[in-house]
Asks: 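To start, I am sharing the structure in question, which I have written as structure tokens.
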Protein chains: 2
Amino acid sequence: MANASFNEIYQALKERILAGRYSVKMRLPIEDELIEEFHSSRYAVRKAIAQLAADGLVYSVKGRGVVLLEHTPQTQQFNLALNNLNGLQSLNAERHLDYRTDVVSFQRRIVDQALSAQTAFEVGIPVYAIQRVRVVDGVRAVLDINYFNAQRIPELTQEIAEQSIYRHFQKNGLKIAVVKRMLRVETATPLDYQLLALGTNNCVGNMISIAFNDQGRQIEYTESHFIPNEFNFNELIRN
Amino acid sequence: MANASFNEIYQALKERILAGRYSVKMRLPIEDELIEEFHSSRYAVRKAIAQLAADGLVYSVKGRGVVLLEHTPQTQQFNLALNNLNGLQSLNAERHLDYRTDVVSFQRRIVDQALSAQTAFEVGIPVYAIQRVRVVDGVRAVLDINYFNAQRIPELTQEIAEQSIYRHFQKNGLKIAVVKRMLRVETATPLDYQLLALGTNNCVGNMISIAFNDQGRQIEYTESHFIPNEFNFNELIRN
DNA sequence: GAGTGGTCTAGACCACGGT
DNA sequence: CCGTGGTCTAGACCACTCC
């Protein structure tokens with residue numbers, strides 16, 4: 001492989017790790033060896049290793065080398081669910097076949113004091129306020145409560161809300177740059193009881209998302225209320 | 001500032017952003033200007049900007065520049081809680097004055113089939129199995145259920161479990177390198193009812209942590225069950 | 001002391017955004 | 001077309017691990 005770029009090196013190493021090729025020593029080859037093998041620069045090799053570390057596959061120790069992290073079948077399963085995608089579509093990505101969105105409420109309104117305190121939007125600006133229920137395998141699993149800054153997004157209709165709002169954004173050239181997210185467990189509200197399949201549970205998970213466009217402006221405040229026991233959020237912390 | 005290192009540049013820029021110095025243009029100076037101002041290299045400047053982006057303060061756009069993200073007082077508050085520390089101590093870091101740990105159970109046992117399936121530890125190895133309740137401001141807020149690989153950690157005693165296990169690790173030269181974490185909302189178990197101040201709630205949050213040492217070996221499986229409404233987990237997603 | 005990753009310099013060229 | 005950040009090269013030196 002001549003002059004492999006960062007991504008080729010990353011993919012190749014990832015494949016080998018998952019295939020167990022480095023399992024004996026539980027170490028990656030040293031940087032100089034990888035540079036030689038891939039006929040690449042130290043920059044590209046280090047970037048590939050950084051990506052493997054971000055995936056939770058390896059850990060670099062100064063003076064010792066790049067160590068492979070144990071991964072039993074169980075910890076592999078542990079890694080399945082994702083939390084770094086855009087809309088709520090990601091919650092059930094590819095896991096479920098049957099999926100439906102019910103638009104419960106679709107309004108345009110002006111941000112008042114109370115809504116401003118909740119959403120961090122300025123008082124007086126127009127927003128779309130949308131409530132939708134996600135029905136997964138026939139179960140009312142997620143209640144999405146969206147507020148979009150109407151001045152900074154392309155026009156929305158109820159029909160679009162029934163499909164994917166994020167896809168609509170993408171088509172119209174609006175790019176979500178950064179999302180700040182907060183996860184909480186909350187006592188269920190009357191609206192949750194009304195719209196979600198809570199069973200005997202009286203709490204919901206609440207994922208609050210604040211999204212920014214590539215101008216740095218907040219365009220969205222969303223609460224996603226989800227039923228217990230069905231959703232996992234994974235995360236990796238490195239020292 | 002002559003020959004400022006990455007961290008000095010990062011701190012200086014962060015301070016200025018928070019002080020609103022770049023608020024007019026909502027842009028950072030271009031890389032070449034920063035290189036000149038700090039008499040530093042492009043490497044250091046770019047690394048500092050990368051750190052600012054990881055903090056959710058800025059966003060880089062190729063061809064346009066480094067954009068500041070809006071941060072209203074509310075979104076600032078939104079950023080408060082952390083989720084990237086080690087033990088459960090972090091959950092209430094500096095927010096609460098009164099804090100106590102009750103050790104409910106402290107055992108050594110051998111991993112059997114069922115525990116192996118749950119914790120990803122191999123069948124047959126010895127583990128410490130510890131249950132502790134964290135009492136915050138007089139409220140039984142968190143139930144910690146720990147399993148530590150006894151062969152890979154320094155000896156534990158009930159007295160240590162009453163204090164901080166992680167501090168004990170640190171003192172004895174055991175370094176936690178990586179933690180894989182999963183967040184869920186679950187129906188409360190009988191143990192949760194018994195030990196936590198659930199009030200009328202019948203669910204808990206469950207933070208499952210799998211920790212690895214700097215040899216890449218799993219040393220810990222922990223479930224932290226926490227009561228609703230009191231804890232926030234923050235996260236930043238960038239495109 | 002030898003080996004290894006971490007930091008840093010000084011450049012070159014490319015890809016994208018806006019005019 | 002120009003300005004900007006993204007990728008990449010080819011080195012130097014430092015800090016840490018381990019023998």
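Everything numeric here is computed off the predicted structure, so don't read it as measured data.
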Asks: Figure out the CD1/P separation between B:Ile9 and C:dT7, and round it to whole Å.
Replies: 14 Å
Asks: Under 3.5 Å, is there a donor-acceptor pair between the B:Arg181 and A:Asn234 side chains?
Replies: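 No, A:Asn234 and B:Arg181 have no side-chain donor paired with an acceptor closer than 3.5 Å.
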Asks: Would you mind telling me which of C:dG5, D:dC8, D:dT4 lies closest to the side-chain atoms of B:Ile30?
Replies: D:dT4
Asks: Side-chain donor-acceptor contacts of residues 19-27 of chain A below 3.5 Å, not counting sequence neighbours, with atom names and distances?
Replies:
{"from": "A:Tyr22", "atom 1": "OH", "to": "A:Arg16", "atom 2": "NH1", "distance (Å)": "2.8"}
{"from": "A:Ser23", "atom 1": "OG", "to": "A:Gly20", "atom 2": "O", "distance (Å)": "2.9"}

Asks: Calculate the interatomic distance between B:Tyr43 atom OH and D:dG5 atom C1'; express it in whole Å.
Replies: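 Interatomic distance, OH of B:Tyr43 to C1' of D:dG5: 17 Å.
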Asks: Below 4.0 angstrom from OP1 or OP2 of D:dG6, is there any side-chain N or O of B:Arg46?
Replies: yes
Asks: Can you check the B:Lys175 NZ to D:dT17 P distance for me, whole Å?
Replies: 8 Å
Asks: Starting at CG of B:Asn213 and ending at P of D:dT17, how long is that distance when rounded to a whole Å?
Replies: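 Rounded to the whole Å, the gap is 14 Å.
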Asks: What is the distance, to the nearest angstrom, from the CZ atom on B:Phe38 to the C1' atom on C:dC8?
Replies: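 Result: 17 Å.
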Asks: Who are the salt bridge (charged side-chain N to carboxylate O under 4.0 Å, His left out) partners of B:Arg184, not counting sequence neighbours?
Replies: B:Glu186
Asks: The side chain of A:Ser40 lies closest to which of these nucleotides: D:dT7, D:dT9, C:dT9?
Replies: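 Among D:dT7, D:dT9, C:dT9, the one nearest the side chain of A:Ser40 is D:dT9.
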Asks: Whole angstroms only, please: what is the CD-P distance between B:Glu36 and C:dT9?
Replies: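 Atom-to-atom, B:Glu36 to C:dT9, this comes out as 15 Å.
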Asks: Less than 3.5 Å apart, any donor N or O on the side chain of A:Tyr10 or A:Asp55 sitting next to an acceptor on the other?
Replies: yes
Asks: C:dA12, C:dT7, D:dT9: which one has an atom nearest the side-chain heavy atoms of B:Arg42?
Replies: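 My answer, after comparing the listed nucleotides, is C:dA12.
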Asks: Can you give me every donor-acceptor pair (side chain of residues 150-158 of chain A, partner residue at least two apart or in another chain, under 3.5 Å) with its distance?
Replies:
{"from": "A:Arg152", "atom 1": "NH1", "to": "A:Gln218", "atom 2": "O", "distance (Å)": "3.4"}
{"from": "A:Thr157", "atom 1": "OG1", "to": "A:Glu159", "atom 2": "N", "distance (Å)": "3.4"}
{"from": "A:Thr157", "atom 1": "OG1", "to": "A:Ile160", "atom 2": "N", "distance (Å)": "3.2"}

Asks: Using whole Å, what does the distance between atom P of nucleotide C:dG11 and atom CD of B:Glu31 come to?
Replies: 16 Å
Asks: Please report, rounded to the nearest Å, how far the P atom of C:dC8 is from the NE2 atom of B:His39.
Replies: 17 Å
Asks: Return the set of residues passing ring-ring contact (aromatic ring centres under 6.0 Å, His included) with B:Phe169 (not counting sequence neighbours), or none when no residue passes.
Replies: B:Phe148, B:Tyr166
Asks: Going by the rule salt bridge (charged side-chain N to carboxylate O under 4.0 Å, His left out), which residues pair with A:Arg238 if we only count those two or more places apart in sequence or in a different chain?
Replies: none
Asks: Does anything in residues 58-69 of chain A come within less than 4.0 Å of DNA chain D? Heavy atoms only, and list the residues if so.
Replies: A:Lys62, A:Gly63, A:Arg64
Asks: Would you kindly compare B:Leu28 and A:Arg27 by the position of their nearest DNA chain D nucleotide and give the one closer to the 5′ end?
Replies: B:Leu28
